[in-house]
Undergrad: 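Dumping the structure here so I can ask a few things about it.
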Amino acid sequence: MARNVMDILRERGFIKQTIYEDELYKKLDQESVVFYIGFDPTADSLHIGHYIPIMAMAHMQRAGHKPIALIGGGTAMIGDPSGRSDLRTMMTKETIEHNSNKFKVQMQRFINFEGENKAILLNNADWLLNLNYIEFIRDIGVHFSVNKMLTAECFKIRMETGLTFLEFNYMPMQAYDFLFLNRNYNCSLQLGGNDQWSNMLAGVDLIRRKEQKDAFCMTFTLLETSEGKKMGKTAKGALWLDKDKTSPYDFYQYFRNVEDQKVKECLCLLTFMDMAEINELTKYQDERINTAKERLAYEVTRLVHGKEEADKAREMALAAFAGASDNLPTQTVKADLNMPVVDIMVLAGVADSKSQARRLIEGGGVSIDEAKVESVEDLLSKYSSSKEFVLHKGKKVHIKVVLDE
RNA sequence: GGGUAGGUUCCCGAGCGGUCAAAGGGAGCAGACUGUAAAUCUGCCGCCUCCGGCUUCGGUGGUUCGAAUCCACCCCUGCCCA
C-alpha cells in the first residue's frame, strides 16, 4: 500500500474530526479497512453536499480500503434531527427504493462496485424494518444514557424547539447500523459529515460495549461560502448531480463562478488533481485565478457528467462569454415573431412568470442579440427578424432561442 | 389533561378592524463598478389580460360596509404544571 489515505485526506483538507486518530492511522496503514458512509435517500439524486463524502470514499478505495455505501432507507423513515429545526417528512418504501437506485448510478462514477475491494451498497431498511421493539430496547437501548444523549450537540438545539421521541431514536438506530455492519461485514470505520459526529460516536461506543472491538469514526469538512453558508445553493435550489435536475452547463457555471477564496479548497476536495498542480494554478490572487476556476469547473463537471458533457459545457461557456453563438445552450420555443418578448422569456425558461419577465425588462436586464429590450410591451419582431436569436438575461444567462411555429 | 405563548409571504420576523400584497433583515434576481470573483451602492422581489384585477397571513365557519387583525370550534408547536 502506498501512502496512508489519512495523509492524503488531511493534505486535501477533508478531515474535520477523528476519534482515536493515531490508532486509526496505524490501522489504515496495516490493513484494508471496511468503512461506511450513510446517505439519506431523501431525494432522487445526490447533490453537491454528498460530493465530499463520495470523494473521500473514492480516495479511500483507491488506497485499498473497502467502501460500504449505506442507504438510510430505514432511518429515513424516522428522520435525522441533526441540523434541522423541523420534523422531516417521512417517506414511503417505494420512493426510497427508487432514490437509492439513482444514487448507485451516480456513485459509480467515483467508486467501483466491482473488482478486488469493490464497494457495496446496502440499505439499512433490510435490518431495521424487522427489528422487534422489545428486543431492540433491551439489547441496544440499555446502552444508551438519556442524560448523555441530551448533551449531544444534535439534540441540544432541538431541546429548544422540540424533539419527538421518534427522532430521539435516530441516534440508537444509526449506532445499531454501525454495530450491524461491524458484525456482518467487519466494518470498523464510519465516515460522514460533521453533523453526524454524535451519531457516529454513539456507534463507536456501542460496538466497543457489545463486541469489545475497536471502531472508529471520522468526519469531513463542509463546503461553505465565505459567509459560512452551505455551498451549493442556486436559484433553482440545490446543485444536483443529476443532469436532468441541474444541467451540466449550470453545474459547470456554478463552479466557474465560485469565490476566489474557495477555488483552492474546491480543487482539493472536489477533484483528484495533483496537489502540486493545484498549488501552481492557485498561486495568483488577481484575475489570473480565473484560469483555475475554468479548470475547476471543467474537472468537476467531467467527474460528475463525463468528458463529453464537460467539453460541451465548456464550449457553451466560451460561446456565451466570448461572443460566438454557435455553441450556446439552445431552447426551442413554440412561438412566432409577433409575440411579446415577455412571453418568449417565459417560454424559454429565462423567467418563471410574466411578471418576473416584466420586472427584468424594467430593470434593464434583458437584451436580444445585442439590443437591450426597452419596453415590457415590445414584440419580438422589434429586435429580431429571424427565427433564431440570442436572448440575454443579465450578464450570465445567454440562450439561443429557436422559434418553432 | 390543566395553564400559558404562538402558527404571517423562500427563511427569520413585524403587523393586531380599513391607508396591508402586508415593516425590517437574510437569501435570490437585475443595474453600476469589476475579473463570469468578493466588497460596496441602487432597483426588483405573490400572480395576472398590469394606470386595473385576482389569490395569500394554520384550518373551517361566524361578526362586520370591511378581517392577517374580532368571535367560535378544530389542527399543529413551544413553555410550565400533572
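In what follows, chains are A, B, ... by sequence order, proteins preceding strands, each numbered from 1. In what follows, every heavy atom counts, from backbone to side chain, and hydrogens, waters and symmetry copies are set aside.
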Undergrad: Does rC73(B) have a Watson-Crick or wobble partner in any strand here, with both distances under 3.5 angstrom, and which is it?
TA: rG59(B)
Undergrad: Tell whether Ser353(A) reaches the base of rC48(B) with its side chain through a donor-acceptor pair below 3.5 angstrom.
TA: no
Undergrad: Regarding Arg256(A), tell me which of base, sugar-phosphate or nothing describes its non-hydrogen contacts under 4.0 Å with the strands shown.
TA: base
Undergrad: Rounded to whole Å, please give me the gap between NZ in Lys262(A) and P in rA38(B).
TA: 13 Å
Undergrad: Which nucleotide, if any, forms a Watson-Crick or G-U wobble pair with rC16(B), using both distances under 3.5 Å?
TA: none
Undergrad: For rC12(B) versus rG58(B), give the span between their P atoms, rounded off to a whole number of Å.
TA: 13 Å
Undergrad: Does the plane of the ring in Phe103(A) sit parallel, tilted or perpendicular to the ring in His50(A)? Use 30° and 60° as the thresholds.
TA: tilted
Undergrad: Less than 4.0 angstrom between a side-chain N/O of Arg359(A) and OP1 or OP2 of rC47(B), yes or no?
TA: yes
Undergrad: Could you measure between the two C1' atoms, the one in rG26(B) and the one in rA5(B), and give it in whole Å?
TA: 26 Å
Undergrad: Is any side-chain N or O of Lys354(A) closer than 4.0 Å to OP1 or OP2 of rU49(B)?
TA: yes
Undergrad: Would you mind reading off the distance between Glu259(A) atom CD and rU34(B) atom P, rounded to a whole angstrom?
TA: 21 Å
Undergrad: Could you check how far CE of Met339(A) sits from P of rU49(B), rounded to whole Å?
TA: 11 Å
Undergrad: Just the rounded figure in Å: distance from C1' of rG31(B) to CG of Leu360(A).
TA: 11 Å
Undergrad: Take atom P in rC51(B) and the same atom in rC41(B), then report the distance between them in whole Å.
TA: 34 Å
Undergrad: Using atom C1' of each nucleotide, how far apart are rG46(B) and rC11(B) to the nearest Å?
TA: 16 Å
Undergrad: May I have the distance from Arg295(A) (atom CZ) to rG35(B) (atom P), rounded to whole angstrom?
TA: 24 Å
Undergrad: Who is the Watson-Crick or G-U wobble partner of rC47(B), with both distances under 3.5 Å?
TA: rG53(B)
Undergrad: Taking pairing as Watson-Crick or G-U wobble with both contacts under 3.5 Å, can you name the mate of rG78(B), or confirm there isn't one?
TA: rU4(B)
Undergrad: If I pick the P atom on rC20(B) and the same atom on rA68(B), what distance separates them, to the nearest angstrom?
TA: 13 Å
Undergrad: Between the base of rC50(B) and the side chain of Arg358(A), is there a donor-acceptor distance below 3.5 Å?
TA: yes
Undergrad: Between Arg288(A) and Gly363(A), name the one whose nearest nucleotide on RNA chain B is closer to the 5' end.
TA: Gly363(A)
Undergrad: Roughly how far apart, to the nearest Å, are rG52(B) and rU42(B) at atom C1'?
TA: 29 Å
Undergrad: Looking at Trp240(A) and Ser45(A), what are the two nearest heavy atoms and their distance?
TA: CZ3-O, 3.3 Å
Undergrad: With both distances under 3.5 angstrom, what nucleotide forms a Watson-Crick or G-U wobble pair with rC10(B)?
TA: rG26(B)
Undergrad: For atom CD of Glu377(A), decide whether the heavy atoms of other residues, nucleotides or ligands shown that lie under 6.0 angstrom number more than 12.
TA: no
Undergrad: Does this structure show an ion pair linking Glu135(A) with Arg138(A), if we count only N-O contacts that are shorter than 4.0 Å?
TA: no
Undergrad: If you take atom types as modelled and just measure distance, does the side chain of Lys395(A) reach the base of rU34(B) with a donor-acceptor pair under 3.5 Å?
TA: yes
Undergrad: Mind checking the C1' distance from rC65(B) to rU60(B)? Whole angstroms is fine.
TA: 24 Å
Undergrad: Hey, are Glu299(A) and Arg295(A) close enough for a salt bridge, meaning a charged N less than 4.0 Å from a carboxylate O?
TA: yes
Undergrad: Suppose you measure atom P in rU49(B) against the same atom in rG1(B); what distance do you get, rounded to whole Å?
TA: 50 Å
Undergrad: Over how many whole Å does the gap from Asp352(A) atom CG to rC45(B) atom P extend?
TA: 15 Å
Undergrad: Please evaluate the base of rG35(B) for a donor-acceptor partner in the side chain of Asp286(A) within a cut-off of under 3.5 Å?
TA: no
Undergrad: Considering every strand and a 4.0 Å limit on heavy-atom distances, what is the contact class for Gln253(A): base, sugar-phosphate, or nothing?
TA: base
Undergrad: Strictly below 4.0 Å, N to O, side chains only: are Lys382(A) and Asp378(A) in salt-bridge contact?
TA: yes
Undergrad: Starting at CD of Gln285(A) and ending at P of rA39(B), how long is that distance when rounded to a whole Å?
TA: 16 Å
Undergrad: Whole angstroms only, please: what is the NZ-P distance between Lys396(A) and rA32(B)?
TA: 13 Å
Undergrad: Under 4.0 Å, counting only non-hydrogen atoms across every strand here, what does Lys393(A) touch: a base, just sugar-phosphate, or nothing?
TA: sugar-phosphate
Undergrad: With a 4.0 Å cut-off on N to O distance, would you call Lys387(A) and Asp404(A) a salt bridge?
TA: no
